[in-house]
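Worksheet: the structure to be examined is printed underneath.
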2 protein chains.
Amino acid sequence: MGARQGSSERLPDNYQLIYDVIREAGAGVHLTTNDLYLRASSRRPGIGISTVYRGVQRLRDLGLIDEILLPGADSAVYEPTASPHAHFRCTKCGSLSDVAYELPQRTITELSKRTGAHISEATVTLHGLCQGCCAA
Amino acid sequence: MGARQGSSERLPDNYQLIYDVIREAGAGVHLTTNDLYLRASSRRPGIGISTVYRGVQRLRDLGLIDEILLPGADSAVYEPTASPHAHFRCTKCGSLSDVAYELPQRTITELSKRTGAHISEATVTLHGLCQGCCAA
DNA sequence: GCGAAAGTGAATACCGCATTCACTCAACCT
DNA sequence: AGGTTGAGTGAATGCGGTATTCACTTTCGC
């Protein structure tokens with residue numbers, strides 16, 4: 001996989017570093033800004049937290065990463081861009097995982113009709129006990 | 001707190017006041033903690049913001065009100081307890097409204113099976129342009 | 001009444017995120 | 001080359017929402 005995206009513009013080194021960290025963590029791994037800061041710091045000591053914030057904004061705007069905002073979460077998490085999916089959070093251990101589910105387009109169309117709004121995005125978040133916490 | 005029986009327990013006056021404010025606002029009206037503080041203050045000057053926070057926590061624990069946490073929202077909003085429903089937020093004007101939709105139990109059951117988790121709650125949040133902002 | 005427990009309000013702390021500011025540095029242009 | 005410009009940077013600061021602490025008051029069980 002190419003280290004940089006095929007655009008003509010090059011990412012600033014720090015932003016590229018943040019992107020690398022997110023991509024190397026892999027799909028389904030959700031990193032907070034602080035996680036990113038810690039990991040980036042170990043590779044490039046002295047990097048500022050502001051730069052991390054600016055970096056994720058830029059990467060999000062470029063569509064390179066997904067910013068995931070969860071209801072009630074204290075902070076946003078980031079993961080490499082993926083197809084739309086739901087998220088599950090364990091109320092006990094706090095773990096967050098992807099769930100391959102998307103609200104059917106038919107449902108969204110129907111809700112748009114019923115509300116008179118133009119629905120462009122639907123986020124689904126599930127809560128409960130994860131498999132591990134269920135067993136325990 | 002003494003061992004009082006749940007259903008017959010009397011609410012502290014301040015919490016009752018907060019509950020009244022929420023109920024009087026009515027279903028579908030979403031009040032932030034600050035909204036509640038302002039409205040409660042006009043009836044009972046001197047009430048502290050801490051009391052409002054403690055009040056909504058208590059009312060939420062008692063199941064008297066719903067605490068609605070929206071992805072990316074700056075603050076929680078509260079409304080009288082209602083049957084589960086989705087929320088729609090206009091990305092332009094910020095208005096928030098209830099949408100009579102609930103993830104089908106069948107879907108939740110299936111997702112539980114697939115993930116091995118005990119899903120106890122599903123929140124659905126829709127984003128887009130509300131009817132008014134569509135027209136404009 | 002009396003003592004314990006619950007409630008209260010002000011102040012403070014905390015956390016995530018936004019903004020500001022001075023500084024560096026590389027690109028660009030005669 | 002020199003000079004200008006603009007993006008990028010890191011530290012500091014600000015801010016809003018919420019949690020916590022603390023001393024005080026009220027309420028409740030007896």
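Values below: every heavy atom of this structure, side chains too, minus hydrogens, waters and symmetry copies. Letters A, B, ... are given to chains in the order of the sequence lines, protein chains preceding strands, and every chain is numbered from 1.
Distance from the side chain of Ser50(B) is smallest to dA10(C) among dA10(C), dT18(D), dT8(C). In this structure, of dG17(D), dA19(D), dG9(C), it is dA19(D) that holds the atom nearest to the side chain of Gln57(B). For Ser75(B), the listed nucleotide lying nearest its side chain is dG17(D); candidates were dG10(D), dG17(D), dC28(D). Checking dT9(D), dG10(D), dT8(C) against the side-chain heavy atoms of Arg54(B) singles out dT8(C) as nearest. In this structure, the nucleotide among dG9(C), dT9(D), dG17(D) sitting nearest to the side chain of Pro12(A) is dT9(D). Listed candidates were dG8(D), dG10(D), dG16(C). Nearest to the side chain of Arg44(A) is dG10(D).
At the heavy-atom level, Thr32(A) lies nowhere under 4.0 Å from the strands shown. Among the protein residues, Asp13(B) comes within range of no part of the nucleic acid, since none of its heavy atoms lies under 4.0 Å from any strand.
Exactly one residue among Thr123(B), Thr125(B), Asp98(B) makes a side-chain hydrogen bond (donor to acceptor under 3.5 Å, both in side chains) with His87(B). That residue is Asp98(B).
One interatomic measurement links the two molecules: CG of Leu11(A) to P of dG8(D), which rounds to 10 Å at whole-angstrom precision. dT25(D) atom C1' lies 15 Å from atom CD1 of Ile47(B), rounded to whole Å. If you measure from atom CG of Leu36(B) to atom P of dG9(C), you get 15 Å, rounded to the nearest angstrom. dG16(D) atom P lies 14 Å from atom CG of Leu38(B), rounded to whole Å. Summarising the geometry, the separation between CD1 on Ile49(A) and P on dG16(C) is reported as 9 Å, rounded to the nearest angstrom. Following rounding to the nearest Å, Leu17(B) (CG) and dT8(C) (C1') show an atom-to-atom distance of 14 Å. The CG-C1' distance, from Asp74(B) to dC15(C), rounds to 15 Å in whole Å. Rounded to a whole Å, the OH atom of Tyr15(B) is 14 Å from the P atom of dT27(D).
Residues Thr51(A) and Tyr53(B) both approach DNA chain D. Their nearest nucleotides, taken by heavy-atom distance, put Thr51(A) toward the 5′ side.
Defined by atom type and a distance below 3.5 Å, a donor-acceptor pair is missing between the side-chain atoms of Asp35(A) and His30(A). Side-chain contact, Gln16(A) with Asp20(A): a donor N or O sits under 3.5 Å from an acceptor N or O.
Side chain Arg58(A) to base dG8(D): no donor-acceptor pair is found below 3.5 Å.
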(request) Using the side chain to side chain contact (heavy atoms under 4.5 Å, CB included) rule, take Val56(B) and Ile65(B) through it: C-alpha gap first, then chi angles, then the decisive distance, then the call. (result) CA-CA 8 Å; Val56(B) 294; Ile65(B) 63 174; 4.2 Å; yes

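Between dT8(C) and Asn14(B), a contact under 4.0 Å exists linking OP1 or OP2 to a side-chain N or O.
The side-chain heavy atoms of Leu64(A) and Leu11(A), taken from C-beta on, include a pair separated by under 4.5 Å.
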